[in-house]
Every structure is written in C-alpha cells, then in structure tokens.
Amino acid sequence: MSTDGILLEYKGKKNDVIKYKTIVDSNQILQEKDKKQEISSKIEILMSQTIMEVDGDGNLTVDVVIEDGKVTRGGESSPLPNAGQKITMKMKKTGEVTYTSVPIDFSQPSFPEGLKKKKDRWDSISTINVQERQEPIKLNYKYILWDIIKQGKYDCAEIKVSCPETSVELQEGVMQTISATGSTYFAHTEGFLLKSEVETQTVITVPKEEVVINTRIRVNVDLAEIKKA
C-alpha cells in the first residue's frame, strides 16, 4: 500500500465477467397482541456481471444477469422467479449507479473519491422506495477503512459499515425503524468487490393495534468466479 493511501475504484476491461453467489437469510417475527408468528426464508442467487463498455473516465456499463437461484421456505425450495433476468447498469468508477434498464427500489452507496488511508471515515446516503411513502427513505451509512489485508491472492480493503437507527413514519400511526451493520472486502488493486456481509434489522410498529413486525435480513455476497477478457 502506498503511504499516501489507496483508491477505492471499480476497474475492468470490456468483456470481463465476474460471478457472485449471494445468500439472503431472512427471519421475521410478527407479534400481534397475544399472538406470535415466525417466518424464515433463504434465497440463493448466482449472478454474473459482464462489463460491456468502459469510457475514457473509467465509467462502466455492466450487464447483470441472474443466472440461477432458489427460494427456500418452510423446508420447501422453488426456483427463483426472476432467474434469467438481465439488468443493464451504468455506474461511475466510485460505484455510483447513474442508470438502470429496470427500475430498482434502492440505491447502493458509493465509494468516496481520492486516496484513503486506514481508519479514514466517510458517509454515504442510500435510498429505499416503499409503497407506503411518496418520498423515499434516506439512510445515512457510515464507513471506516478498517484495515488493508490479504484475502487469498488479493490486496483487500476491509471496510466496516453501519447504519444508525433511522425511524420514519410510513403512514399515520405506523412507524418503521431501520439499522444495519456489516463488512465489505474490496480488492482495491484489481478494482472489484470480493465479498460483503451485511445484516439489516427493520422494526415496524402499529401501537394502536399492538402490532410489532421485527425483520432481520443477513446478506452474504461472495466472489464465485472471475474471467478476465
């Protein structure tokens, strides 16, 4: 690592292909007066990202394809409904998404520009669209470049991430609180995500009806394969 720091930028060449395996574990507890119901599920996704274009400023056009997947609930599995779907994305080298061919309900946080050293901190805003609100929910994610480590053969930035509890009113008498913690491992020399582990907790309360919905979602993303053009 340079004594001046490292750049957190996505890189690649046209026709580079990276595949990721994503596992989404969800656990939801519905408490309604004296009744309690628990629902758990697991979604497994194999996704490929193909770089279609890199412009002179390093901005990327990427085709994202959900190649395979399954959903497991109550011990029973079924194929992922949107397997085979392709989304074309345009993003800056910081990871900021500027275009998607299919509308998505959230925006991913991006990296800061410029050199970063160990223990540097930064914030990034992520938005989530929900049906109950006209305005999207804005979440302020906080990051710290925790360490520069070796993950297998890759020089890797270990980044700690957290989202402090954020409460919003979905509609009159219905409150939602969101928080998150996790770690991101970014191969900064090569310029791609190596793995990510994030756990998000959402609590929806309806005091008048004595209803509390507590949802915990853990998302693990791991590099499955990389093919350089």
Side-chain angles (χ1 to χ4, degrees), residues 1-13 16-25 45 47 49 51 54-62 64 89-98 106-128 137-166 177-202 216-229:
M1 180 184 70
S2 167
T3 55
D4 295 327
I6 62 171
L7 288 172
L8 299 173
E9 294 181 347
Y10 288 88
K11 304 172 187 175
K13 295 181 179 178
D16 282 357
V17 181
I18 302 178
K19 295 186 179 183
Y20 292 99
K21 182 176 182 180
T22 300
I23 297 178
V24 182
D25 283 303
I45 305 167
M47 179 188 308
Q49 299 181 356
I51 297 178
V54 184
D55 71 15
D57 294 323
N59 302 315
L60 307 170
T61 300
V62 181
V64 180
M89 298 185 354
K90 293 181 182 293
M91 71 177 193
K92 297 180 180 179
K93 57 188 176 183
T94 59
E96 179 186 347
V97 175
T98 58
F106 65 93
S107 65
Q108 70 175 14
S110 57
F111 291 133
E113 296 181 351
L115 292 166
K116 291 298 171 185
K117 297 179 181 180
K118 285 173 58 173
K119 303 304 184 283
D120 277 356
R121 299 172 182 266
W122 65 92
D123 292 359
S124 185
I125 299 294
S126 178
T127 59
I128 302 175
I137 298 173
K138 292 185 178 181
L139 301 175
N140 184 20
Y141 279 84
K142 297 182 177 296
Y143 297 84
I144 177 170
L145 179 51
W146 189 254
D147 203 358
I148 308 296
I149 61 175
K150 203 80 171 176
Q151 286 280 90
K153 63 181 180 180
Y154 299 110
D155 294 321
C156 190
E158 179 183 9
I159 302 167
K160 300 289 187 182
V161 55
S162 65
C163 175
E165 283 194 358
T166 303
T177 301
I178 302 172
S179 61
T181 59
S183 297
T184 294
Y185 298 86
F186 187 76
H188 61 89
T189 302
E190 288 80 4
F192 64 86
L193 177 70
L194 198 59
K195 64 186 296 185
S196 173
E197 307 161 341
V198 178
E199 184 172 293
T200 302
Q201 183 167 0
T202 303
R216 189 179 296 273
I217 299 175
R218 180 175 295 168
V219 180
N220 288 339
V221 180
D222 288 283
L223 176 69
E225 184 181 357
I226 182 166
K227 295 180 180 179
K228 291 291 187 179

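Along the sequence shown, the residues carry numbers beginning at 1.
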- Going by heavy atoms in the side chains, are V219 and I23 under 4.5 Å from each other? no
- Message: One pair to check against side chain to side chain donor-acceptor pair (under 3.5 Å): K138 and T127. What are the steps and the verdict?
- Response: CA-CA 5 Å; K138 292 185 178 181; T127 59; over 6 Å; no
- Message: Check K228 with D16, please: is the shortest side-chain N to carboxylate O separation under 4.0 Å?
- Response: yes
- Item | Ring-ring centroid check Y154 F192, cutoff 6.0 Å | yes
- Under 3.5 Å, is there a donor-acceptor pair between the side chain of D57 and the main chain of N59? no
- Search all heavy atoms of L145 against all heavy atoms of K117 and return the closest pair with its distance. CD2-O, 3.4 Å
- Under-4.0 Å salt bridge between K11 and E190: no
- When you measure from the centre of the six-membered ring of Y185, is the NZ or CZ of K195 under 6.0 Å away and within 45° of the axis? yes
- Item | N/O donor-acceptor pair under 3.5 Å between S126 side chain and S124 backbone | no
- Query: Is the side chain of Y20 donor-acceptor paired with the backbone N or O of L193 at a distance under 3.5 Å, no angle test?
  - Reply: yes
- Centres of the F111 and Y143 rings: under 6.0 Å? no
- Item | Under 3.5 Å donor-acceptor, T184 side chain and I159 backbone | no
- Message: D155: which residues meet the salt bridge (charged side-chain N to carboxylate O under 4.0 Å, His left out) condition with it, sequence neighbours left out?
- Response: K150
- Item | Distance in Å, L223 CG paired with E225 CD, rounded so as to fall on 0.5 Å steps | 9.0 Å
- Task: Please determine if R218 and D25 form a salt bridge, counting it only when a charged side-chain N lies under 4.0 Å from a carboxylate O.
- Result: no
- Message: Taking W146's backbone N and O only, do any of them form a donor-acceptor pair with K119's side chain (distance below 3.5 Å, no angle check)?
- Response: yes
